[in-house]
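For reference, the structure discussed in these notes is given below.
Protein chains get the first letters and strands the later ones, always in sequence-line order, with residue 1 at the start of each.
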Amino acid sequence: METQKLTDYERKRLENIRRNDEMVAALKLQAMATQLSASTKRQSNRAATKSYKTSPQKKPKIETPIVMRRSLRTRGMPPEAKGLDDDLVESVAKIHKPLTPAKPGASRVWGPLNMEEAYTGSGSDRELIETLVGIGKNSGVDTSVGVEFGSVKVCKDEISGNLVKREGNDGGSCLKLSSLTLNPENIARVMPGRIMAVRFLPCNNSRMIVAGNKLGNIVFWNLDSKGEGEDGIYLYHPHPGPISGISVHQHCLSKIFTSCYEGVIRLMDAEKEVFDLVYSCEDTIFSLSQQPNNANCLYFCEGYGGLSIFDRRTGNCPTKWSLHDARINTIDFNPGNPNIMATSSTDGTACIWDLRSINADKPKALKTVSHKRAIHSAYFSPYGRSLATTSYDDNVGITSGVNFEETSMIHHYNQTGRWISTFRAIWGWDESYVFIGNMKRGVDIISPVQRRSVFTLHSPHMSAIPCRFDAHPYNVGMLAGATSGGQVYVWTLLQGS
DNA sequence: ATGATCTTTAGCATG
DNA sequence: CATGCTCCAAGATCAT
């Protein structure tokens with residue numbers, strides 16, 4: 001039954017892949033073209049917000065295969081005369097030719113991919129690798145597994161101890177919103193295309209950003225790098241398609257997991273200098289997450305509504321649940337209890353689960369939050385008391401109470417359209433505020449207690465809509481926002497406040 | 001019910 | 001500054 005279904009999916013997909021062989025090969029070219037174009041990267045300095053330089057000759061070569069590919073795959077048929085006419089087909093054929101004899105289908109490397117091979121920059125990435133290895137060493141618990149939940153909690157409290165009030169008093173954060181500033185030197189166009197995920201390395205003495213885009217690139221931006229050559233920006237191309245998730249475990253900083261729509265999860269290991277292949281499947285992987293107390297298990301959405309748990313120690317997926325009727329957009333764990341998991345889905349529901357008591361046949365959620373439209377995120381607050389959901393129905397939902405029994409809906413315009421990545425409200429450094437982009441090139445700061453937007457970050461330096469965010473876990477006030485044009489903005493707390 | 005097609009939309013490159 | 005291209009989101013509408 002289930003397996004039959006799977007084989008159907010697989011067959012269909014394999015067939016598509018076969019038909020798309022040329023396109024896949026062309027994607028290899030994309031990687032190469034990106035490499036080539038990356039040589040121009042150095043021309044744009046960090047503060048330049050206007051253009052990500054790509055050489056004009058290569059541009060069509062990069063773009064064309066994507067168009068073809070999508071068209072074939074989405075419709076399951078050869079390109080029609082309408083938009084994809086002979087010019088394009090020809091150009092693909094031309095590009096395709098020299099590549100085929102060498103390595104057919106080489107764009108999908110089913111094994112470890114050296115960082116060197118994946119690196120698209122022209123300068124050296126040595127500084128980055130050394131930095132990452134150094135950070136990993138400092139974290140000290142690189143190999144440890146199953147860190148007790150208690151330490152997580154302590155850690156969270158420590159984070160907020162300095163600048164943000166510690167407990168109770170949910171409405172009274174010490175974070176001065178008016179002190180959040182966007183300094184031009186903290187703006188960079190770090191990669192081409194649309195950024196789908198952005199993350200700070202969870203390290204208290206570094207300011208390192210990792211981001212992934214729709215083209216399968218992963219970029220590192222070291223804001224502390226005074227490096228002359230590369231501006232602290234290092235671009236890789238480890239995946240053939242959109243990056244759906246980035247996960248860096250707080251106790252395992254030199255190892256970075258990335259997932260991709262093409263059904264692949266890789267682990268970038270700075271010490272081994274590879275993007276290791278961790279997992280691959282024939283279904284789309286829409287989201288990726290890890291429990292805060294376990295660096296060895298990966299939780300990810302596989303296909304439509306499926307949640308898989310992969311254990312690196314055994315190398316297989318002991319668990320596959322069908323939790324939703326449509327794609328799961330986010331997976332998050334309660335910082336106060338890592339057995340409590342929240343999923344958000346395009347099926348219009350966000351669910352809170354207890355991992356210890358999920359019935360594989362009939363999974364029953366502890367709590368279901370319903371929206372009228374697709375839900376794009378569901379994140380627990382830093383102390384795990386509330387859940388923030390963001391939906392296409394133009395609401396940010398705040399669900400709280402001892403059993404998450406109360407939900408209040410706060411209106412927020414979330415019609416991002418097709419070209420902007422969907423909005424996802426994230427929590428700041430305590431339970432006081434939630435941050436979410438708006439369509440007017442600003443960042444709305446919502447107070448769950450006041451049930452309204454209480455502040456909006458604006459800046460003349462923001463030339464695009466920030467749609468994906470991350471808050472630096474150790475650095476209060478440091479907020480990264482990423483755009484659909486490859487830019488990253490990093491707000492910081494004004495000195496002396 | 002299920003599937004195919006259409007529409008919306010912002011950012012960036014180009015000339 | 002106008003125009004064209006992007007083209008794996010999601011809901012609405014139309015078709016089977």
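Ring geometry for A:Y234 versus A:Y119: interplanar angle of 30 to 60°, hence tilted.
Once rounded to the nearest 0.5 Å, the distance linking CZ of A:R418 with CD of A:Q415 reads 15.5 Å.
Between the C1' atoms of B:dA13 and C:dC8, the separation comes to 23 Å (whole Å). Taking the C1' atoms as reference points, B:dC12 lies 24 Å from C:dA10, given to the whole Å.
Between A:D347 atom CG and C:dA10 atom P the separation is 11 Å, expressed in whole Å. Taking atom NE2 of residue A:H324 and atom P of nucleotide C:dA10, one finds them 14 Å apart after rounding to whole Å. As rounded to whole Å, 11 Å separates atom P of C:dG11 from atom CZ of A:R327. Rounded to an integer number of Å, the gap from OH of A:Y413 to P of B:dA10 is 7 Å. For the pair A:Q415 CD and B:dA10 P, the interatomic distance rounds to 11 Å; values are reported in whole Å. Distance, A:L215 CG to C:dC5 P: 19 Å, rounded to whole Å. Put simply, CZ on A:R194 is 19 Å from P on C:dC5, counting in whole angstrom units. Across the protein-nucleic acid pair, A:R468 atom CZ and C:dA9 atom P stand 10 Å apart, rounded to whole Å.
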Please evaluate residues A:F435 and A:F469 with respect to the criterion ring-ring contact (aromatic ring centres under 6.0 Å, His included), reporting the C-alpha separation (whole Å), side-chain torsions for both, the decisive distance (0.1 Å), and the verdict. CA-CA 8 Å; A:F435 296 79; A:F469 290 88; 7.8 Å; no
Evaluate the ring-ring contact (aromatic ring centres under 6.0 Å, His included) criterion for residues A:Y299 and A:F310: first the C-alpha distance (whole Å), next the side-chain angles of each, then the deciding distance (0.1 Å), finally the verdict. CA-CA 7 Å; A:Y299 293 72; A:F310 176 84; over 10 Å; no
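Within the structure, every side-chain polar atom (N or O) of A:K440 is placed at least 4.0 Å from both OP1 and OP2 of B:dA10. When the side-chain nitrogen and oxygen atoms of A:S484 are compared with OP1 and OP2 of B:dG11, none of them lie within a distance under 4.0 Å. Within the 4.0 Å cut-off from OP1 or OP2 of C:dA10, at least one side-chain nitrogen or oxygen of A:H376 is found. Using a 4.0 Å cut-off, some side-chain N or O of A:R373 falls inside it from OP1 or OP2 of C:dA12. A sub-4.0 Å separation between OP1 or OP2 of B:dC12 and a side-chain N or O of A:R189 is present.
Between C:dC7, B:dC12, C:dC8, one nucleotide has an atom nearer to the side chain of A:Y261 than all others, and that is C:dC8. Relative to the side chain of A:I420, the nucleotides C:dA10, B:dG11, C:dC7 differ in distance, and B:dG11 lies closest. Listed nucleotides C:dG11, B:dC12, C:dA9 differ in distance to A:S463; the shortest reach to its side chain belongs to B:dC12.
Scanning for ring pair (Phe, Tyr, Trp, His ring centres under 6.0 Å) contacts around A:Y392 gives A:H376, with sequence neighbours left out. In this view, A:F423 satisfies the ring pair (Phe, Tyr, Trp, His ring centres under 6.0 Å) rule with no residue, not counting sequence neighbours.
One N or O donor and one acceptor, one from the side chain of A:E262 and one from the base of C:dC8, sit under 3.5 Å apart.
Comparing A:P242 and A:K372 against DNA chain C, the residue whose closest nucleotide sits nearer the 5' end is A:P242. Between A:W419 and A:Y392, it is A:W419 whose nearest contact on DNA chain C lies nearer the 5' terminus.
If you check every strand for non-hydrogen atoms under 4.0 Å, A:T346 touches sugar and phosphate atoms only.
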